[in-house]
Amino acid sequence: MKTLYKEQREIKTGKKIKQISGAEAVVKSLLAEGVELIFGYPGGAIMPVYDALLSGGSKLRHVLVRHEQGAIHAAQGYARAKRGTGVCLVTSGPGATNLVTGLADAKIDSTAVVCITGQVNSALLGSDAFQETDIIGLTLPVTKWSIQVTQAAEIMPAIAKAFYIAGSGRPGPVLIDITKDAQSGMCEDAYQPCRTIKNYYPKPSVDQKQLRSAAELLSAAERPLVLAGQGVHLSGAQRELLSLAEKGNLPVASTLLGLSCFPADHALYAGFLGMHGNYAPNLMTNACDVLLAVGMRFDDRVTGELSRYAKQARIIHIDIDASEFGKNVKPEIAMHADAREALAGLAQFVKRKPRTDWLNKMKELKKTEYEAVTEKEFFPAAGPVRMAEAIRMLDQLTAGKALLLTDVGQHQMSASRYYRFTQTDSYITSGGLGTMGFALPAAVGAQLACADRPVVAVTGDGGVQMNIQELATIFQENIPVKIMILNNNYLGMVRQWQELFFEKRYSSVEMVNPDFVKLAQAYGITALAVRDRDKLRKAMHTMLESPGPFLLEVVVEKEENIFPMIPPGCSVSEVRLS
């Protein structure tokens with residue numbers, strides 16, 4: 001039947017349909033989707049595709065990572081920096097299972113990644129063959145969509161569908177598992193991009209009635225507060241958010257993943273929300289009368305004790321994913337819409353109100369935090385360098401315009417608090433999953449996506465060692481990323497919790513670290529270490545001015561704590577300054 005259908009099409013078009021291998025189909029599909037760069041690691045079950053890269057993939061740049069987790073984190077960094085879809089390519093068995101952490105990270109942080117894994121021959125499926133793993137079963141909970149392909153003819157349609165699903169609606173990771181015989185088999189060279197899928201509606205229309213109701217609520221509010229999440233970035237709604245805030249005179253706070261969607265130096269910027277966020281937005285959350293949440297999911301690090309979260313507020317929630325409505329916080333208006341379209345619509349109808357007392361209250365809370373916390377962090381009387389000093393110095397030397405990537409821990413919270421983002425799309429971190437080892441490989445992808453921007457990976461001595469092998473990738477590809485390790489010789493965030501909530505019973509948190517400078521040099525990367533604050537500026541300037549990759553180790557206070565902090569089990573109103 002397929003042969004007859006093919007012959008009929010050849011007669012109709014007058015052209016003979018070219019036959020190619022499944023491996024060639026993978027390469028041609030990626031090129032058809034506009035892919036320029038892939039991150040991967042070869043192995044037996046994906047070898048036909050790697051062979052096809054030599055001939056048909058000359059327009060595809062392949063970056064050889066040193067671990068498959070590095071591949072997916074690099075693809076994530078690339079996707080988030082480029083606001084597109086990242087691609088990684090690995091083999092079966094352990095190659096595929098090494099992607100799972102990155103898939104989970106990409107799923108919860110809404111990152112569009114297409115992962116292609118090799119698989120054993122279809123005849124061997126279910127036989128416990130060498131390097132066979134049920135990667136579809138393993139990854140179903142942490143992917144937006146996944147499929148196993150066992151025939152060459154299925155490859156092009158599967159890849160087309162994967163790119164459409166990954167990048168549309170709420171973005172997310174997809175996985176295509178391709179058996180080795182499918183890669184070697186023959187199929188038609190007839191790629192067709194996917195534009196629609198039955199019963200999948202990724203972009204809902206804005207409800208005009210809801211839009212007007214929400215605008216009326218905001219216009220009438222005495223104490224409004226806008227909470228901006230990553231959905232603002234993903235929809236490209238930064239200008240619309242700024243326009244709405246300025247027209248309506250609305251203070252704006254940012255979630256961790258929303259950082260850099262609103263200028264940090266703007267008079268209406270309240271600050272960074274959450275467990276280690278700023279004092280003002282946390283207290284304002286439980287004092288506002290109208291709360292507009294845009295592209296965020298009300299996770300526990302933002303809400304604190306849920307039963308005491310914003311009970312006084314009338315809540316408007318805008319999200320492209322309807323499953324987020326009421327999952328944690330029940331909104332009065334649940335607007336199922338693209339953030340950019342919804343914010344643009346609100347800006348048309350919202351009316352300005354002075355709100356002098358409310359905005360003055362925000363200024364007072366900011367001043368309280370500065371005097372109680374920030375000033376002491378920036379200007380310590382003596383002792384070792386503090387993380388805040390290093391971040392402040394980085395901010396000054398880059399004018400708040402670097403593309404910053406962080407790992408997970410105290411350095412992440414310090415960077416989030418003290419780097420003053422003045423350019424949009426400038427912050428990439430692991431939010432929902434909190435993946436240590438994220439920053440270094442993600443910075444590889446981000447730098448390759450943004451060759452014209454300074455990219456700085458800020459990491460800790462614990463996190464950097466989880467994927468430190470990617471220094472070899474940086475060296476081999478000559479990627480000019482800058483790496484700043486804030487080294488306190490501790491798993492700092494765990495140690496802080498043990499100090500505050502476990503009576504200083506420090507259990508397995510002190511780190512005996514390698515010489516990071518010598519380690520970087522062994523990988524052919526220029527490196528420096530600095531301990532004294534009077535040498536910090538010069539060392540950081542040297543790092544930023546270096547034309548190639550550079551590692552700067554900043555030895556910081558060992559038992560530094562990050563405040564403000566919302567203790568576990570407390571409401572956002574109970575945020576501590578010390």
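Sequential numbering from 1 along the given sequence is applied to the chain's residues.
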Student: May I ask you to decide if Ile391's main-chain N or O and Asp395's side chain share a donor-acceptor pair within less than 3.5 Å?
Tutor: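 Side chain of Asp395 to backbone of Ile391, a donor-acceptor pair under 3.5 Å: no, none is there.
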Student: Is it true that Asn488 and Glu557 share a donor-acceptor pair across their side chains at a distance under 3.5 Å?
Tutor: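 The answer is no; no qualifying pair exists.
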Student: Taking all heavy atoms of Ala415 and all of Leu404, pick out the closest pair and write down the distance.
Tutor: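 What the structure gives for the nearest pair is CB-CD2, 4.2 Å.
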Student: Got more than 12 heavy atoms from elsewhere within 6.0 Å of NZ, Lys363?
Tutor: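 No.
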Student: Tell me every residue that passes side-chain hydrogen bond (donor to acceptor under 3.5 Å, both in side chains) with Gln230, counting only those two or more places apart in sequence or in another chain.
Tutor: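 If we apply the side-chain hydrogen bond (donor to acceptor under 3.5 Å, both in side chains) test to Gln230, skipping adjacent residues, there are no hits.
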Student: Nearest heavy-atom pair of Cys261 and Ala228: which atoms, and what distance?
Tutor: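 Distance-wise, the nearest heavy atoms are SG-CB, 3.6 Å.
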Student: Give a yes or no on whether the backbone of Arg308 and the side-chain of Asn286 come within a donor-acceptor separation of less than 3.5 Å.
Tutor: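 Present.
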Student: Taking all heavy atoms of Cys115 and all of Leu103, pick out the closest pair and write down the distance.
Tutor: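 Looking at all heavy atoms of both residues, the closest pair is SG-CD2, 3.8 Å.
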Student: Just checking Lys361: does its NZ atom have more than 12 heavy atoms from other residues, nucleotides or ligands closer to it than 6.0 angstrom?
Tutor: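 Not more than 12 within 6.0 Å, no.
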Student: If only atom types and distance count, is the side chain of His317 paired as donor or acceptor with the main-chain N or O of Phe298 below 3.5 Å?
Tutor: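 Such a contact is absent between His317 side chain and Phe298 backbone.
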Student: Check for a donor-acceptor pair, side chain of Asp207 on one end and backbone N or O of Gln210 on the other, with a separation under 3.5 Å.
Tutor: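 Side chain of Asp207 to backbone of Gln210, a donor-acceptor pair under 3.5 Å: yes, one is there.
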Student: Looking just at side-chain N and O atoms, do Ser323 and Asp321 make a donor-acceptor pair shorter than 3.5 Å?
Tutor: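 On atom types as modelled, these side chains qualify, holding a pair under 3.5 Å.
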Student: Can you confirm whether or not the ring centre of Phe262 sits under 6.0 Å from the ring centre of Phe421?
Tutor: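 Centroid distance Phe262-Phe421: not below 6.0 Å, so no.
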Student: Less than 4.5 Å apart, side chain to side chain, heavy atoms only: is that true for Ser507 and Gln498?
Tutor: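 In short, these two side chains touch, coming nearer than 4.5 Å.
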Student: For the residue pair Thr435 and Asp105, confirm or rule out a side-chain donor-acceptor distance under 3.5 Å.
Tutor: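 Looking only at side-chain atoms, Asp105 and Thr435 do form a donor-acceptor pair, the distance falling under 3.5 Å.
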Student: So does Asp289 pair up with Arg314, basic N to acidic O under 4.0 Å?
Tutor: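 A salt bridge is absent here (no side-chain N lies under 4.0 Å from a carboxylate O).
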Student: Are a donor atom and an acceptor atom from the side chains of Ser235 and Asp338 found within less than 3.5 Å of each other?
Tutor: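 There is no such pair between these side chains.
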Student: Applying the salt bridge (charged side-chain N to carboxylate O under 4.0 Å, His left out) test to Glu324, which of Lys330, Arg170, Arg297 qualifies?
Tutor: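 Looking at Lys330, Arg170, Arg297, the match for Glu324 under the salt bridge (charged side-chain N to carboxylate O under 4.0 Å, His left out) is Arg170.
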Student: Between Met565 and Leu500, does a side chain to side chain contact (heavy atoms under 4.5 Å, CB included) hold up when you go through it step by step?
Tutor: CA-CA 11 Å; Met565 181 181 186; Leu500 298 177; 3.7 Å; yes
Student: Between the side chain of Ser254 and the main-chain N/O of Gly258, is any donor-acceptor distance below 3.5 Å?
Tutor: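 Yes; at least one donor-acceptor contact below 3.5 Å.
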Student: Walk me through whether Leu292 and Leu225 qualify under side chain to side chain contact (heavy atoms under 4.5 Å, CB included).
Tutor: CA-CA 6 Å; Leu292 170 61; Leu225 181 63; over 6 Å; no
Student: For Tyr164 and Thr196, run side-chain hydrogen bond (donor to acceptor under 3.5 Å, both in side chains): C-alpha distance rounded to whole Å, both residues' side-chain angles, the deciding distance at 0.1 Å, then the answer.
Tutor: CA-CA 8 Å; Tyr164 179 62; Thr196 60; over 6 Å; no
Student: Can a side-chain donor-acceptor contact be found between Gln69 and Thr101 if the only test is distance below 3.5 angstrom?
Tutor: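 Looking only at side-chain atoms, Gln69 and Thr101 do not form any donor-acceptor pair under 3.5 Å.
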Student: Tell me whether Arg386 contacts the main-chain N or O of Lys376 through its side chain, where contact means a donor paired with an acceptor under 3.5 Å.
Tutor: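 Side chain of Arg386 to backbone of Lys376: no pair is present.
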Student: Between Ala270 and Ala280, what is the shortest heavy-atom contact and its length?
Tutor: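 Smallest heavy-atom distance, with atoms named: O-CB, 4.0 Å.
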Student: For atom NZ of Lys203, decide whether the heavy atoms of other residues, nucleotides or ligands shown that lie under 6.0 angstrom number more than 12.
Tutor: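 Open.
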Student: Taking Glu375 first and then Lys367, would you say they form a salt bridge - that is, a charged N and a carboxylate O separated by under 4.0 Å?
Tutor: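 Salt bridge flag = no for Lys367 with Glu375.
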Student: Please determine whether a side-chain nitrogen of the Lys or Arg among Arg417 and Glu377 lies less than 4.0 Å from a carboxylate oxygen of the Asp or Glu.
Tutor: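 No, no charged N to carboxylate O under 4.0 Å.
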Student: Could you tell me whether the side chain of Leu291 reaches within less than 4.5 Å of the side chain of Ile316, counting heavy atoms only?
Tutor: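 Answer no - side chains too far apart.
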Student: Taking the side chain as every heavy atom from C-beta outward, state whether Ile562 and Glu560 have any pair of such atoms under 4.5 Å apart.
Tutor: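 Result yes, sub-4.5 Å side-chain heavy-atom pair found.
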Student: Quick check against the 3.5 Å criterion: does Arg453 have a side-chain atom that pairs as donor or acceptor with the backbone of Val455?
Tutor: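 No.
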Student: Looking only at side-chain N and O atoms, does Gln496 offer a donor or acceptor that is under 3.5 Å from a partner on Gln410?
Tutor: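 Yes, Gln496 and Gln410 have a side-chain donor paired with an acceptor closer than 3.5 Å.
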Student: Is a side-chain donor-acceptor pair under 3.5 Å present for Ser416 with Tyr427?
Tutor: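 A pair is found: one side chain offers a donor N or O, the other an acceptor, under 3.5 Å apart.
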Student: I need the minimum non-hydrogen distance between Val113 and Ala75, along with the two atoms involved.
Tutor: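 Of all heavy-atom pairs spanning Val113 and Ala75, the closest is CG1-CB, 4.1 Å.
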Student: Show your reasoning for whether side chain to side chain contact (heavy atoms under 4.5 Å, CB included) applies to Leu394 and Val458.
Tutor: CA-CA 10 Å; Leu394 179 65; Val458 179; 4.1 Å; yes
Student: Main chain of Gly274, side chain of Asn282: is a donor-acceptor contact present, judged purely on distance under 3.5 Å?
Tutor: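 Checking the backbone N and O of Gly274 against the side chain of Asn282, a donor-acceptor pair under 3.5 Å is found.
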Student: Do you know which two heavy atoms are closest between Tyr200 and Ile165, and how far apart they sit?
Tutor: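 Shortest heavy-atom contact: OH-O, 3.7 Å.
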Student: Output, in order, the C-alpha distance, side-chain angles, deciding distance and verdict of side chain to side chain contact (heavy atoms under 4.5 Å, CB included) for Tyr506 and Arg495.
Tutor: CA-CA 6 Å; Tyr506 294 166; Arg495 186 214 56 77; 2.9 Å; yes
Student: Would you say Cys88 and Leu99 make side-chain contact, with heavy atoms under 4.5 Å?
Tutor: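 Yes; the side chains approach each other to less than 4.5 Å.
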Student: Under a plain distance cut-off of 3.5 Å, with no hydrogens placed, do Thr424 and Ser260 share a side-chain donor-acceptor pair?
Tutor: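 Their side chains do not contain a donor-acceptor pair, so the 3.5 Å distance test is not met.
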Student: Check whether any side-chain heavy atom of Ile485 lies under 4.5 Å from a side-chain heavy atom of Thr459, and answer yes or no.
Tutor: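 Side chain of Ile485 against side chain of Thr459, heavy atoms only: contact under 4.5 Å found.
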Student: Which of these passes side chain to side chain contact (heavy atoms under 4.5 Å, CB included) with Cys570: Pro567, Pro568, Ser573?
Tutor: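 Testing each of Pro567, Pro568, Ser573 against Cys570, the sole residue satisfying side chain to side chain contact (heavy atoms under 4.5 Å, CB included) is Pro567.
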Student: Using a strict threshold of under 4.0 Å (side-chain N to carboxylate O), is an ion pair present between Glu246 and Arg352?
Tutor: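 Salt bridge flag = no for Glu246 with Arg352.
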Student: Does the Ser426 side chain pair with the main chain of Gly400, one donor and one acceptor, at a distance under 3.5 Å?
Tutor: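 Side chain of Ser426 to backbone of Gly400: no pair is present.
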Student: Quick one: are Glu574 and Ser571 in side-chain contact, heavy atoms under 4.5 Å?
Tutor: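 Yes, side chains in contact.
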Student: Starting from the C-alpha separation in whole Å, work towards a yes-or-no answer on salt bridge (charged side-chain N to carboxylate O under 4.0 Å, His left out) for Asp265 and Arg420.
Tutor: CA-CA 7 Å; Asp265 55 358; Arg420 303 277 293 169; 6.0 Å; no
Student: Can a donor-acceptor pair be found between the side chains of His73 and Asn467 at a distance below 3.5 Å?
Tutor: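 No pair is found: no donor N or O on one side chain lies under 3.5 Å from an acceptor on the other.
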Student: Checking Thr406 side chain against Gln412 main chain: does a donor-acceptor pair fall under 3.5 Å?
Tutor: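 Between the backbone of Gln412 and the side chain of Thr406 there is no qualifying donor-acceptor contact (under 3.5 Å).
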Student: Measure the shortest side-chain to side-chain distance between Leu491 and Met436 over non-hydrogen atoms and say whether it is less than 4.5 angstrom.
Tutor: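 Counting from C-beta outward, Leu491 and Met436 do come under 4.5 Å.
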Student: Could you check whether any side-chain heavy atom of Phe163 comes within less than 4.5 Å of a side-chain heavy atom of Val114, counting everything from C-beta outward?
Tutor: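 Heavy-atom side-chain distance check passes, below 4.5 Å.
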Student: With respect to Val232, which candidate in Leu241, Val252, Leu257, Val226 satisfies the side chain to side chain contact (heavy atoms under 4.5 Å, CB included) definition?
Tutor: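 With Val232 as partner, side chain to side chain contact (heavy atoms under 4.5 Å, CB included) holds for just one option, Leu241.
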Student: Does NZ or CZ of Arg212 lie under 6.0 Å from the centre of the six-membered ring of Phe349, at an angle within 45° of the ring axis?
Tutor: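 Judged by the rule, Arg212 and Phe349 form a cation-pi pair.
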Student: State whether Lys353 and Glu222 are salt-bridged, where the test is any N-O pair (Lys NZ or Arg NE/NH1/NH2 against Asp/Glu carboxylate O) under 4.0 Å.
Tutor: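 Counted as a salt bridge, because a side-chain N and a carboxylate O are separated by less than 4.0 Å.
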Student: Between Thr398 and Tyr419, do the side chains contain a donor N or O and an acceptor N or O under 3.5 Å apart?
Tutor: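 There is such a pair between these side chains.
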Student: Given side-chain hydrogen bond (donor to acceptor under 3.5 Å, both in side chains), test Glu499 with Asn561 step by step and report yes or no.
Tutor: CA-CA 9 Å; Glu499 176 186 336; Asn561 288 333; 3.2 Å; yes
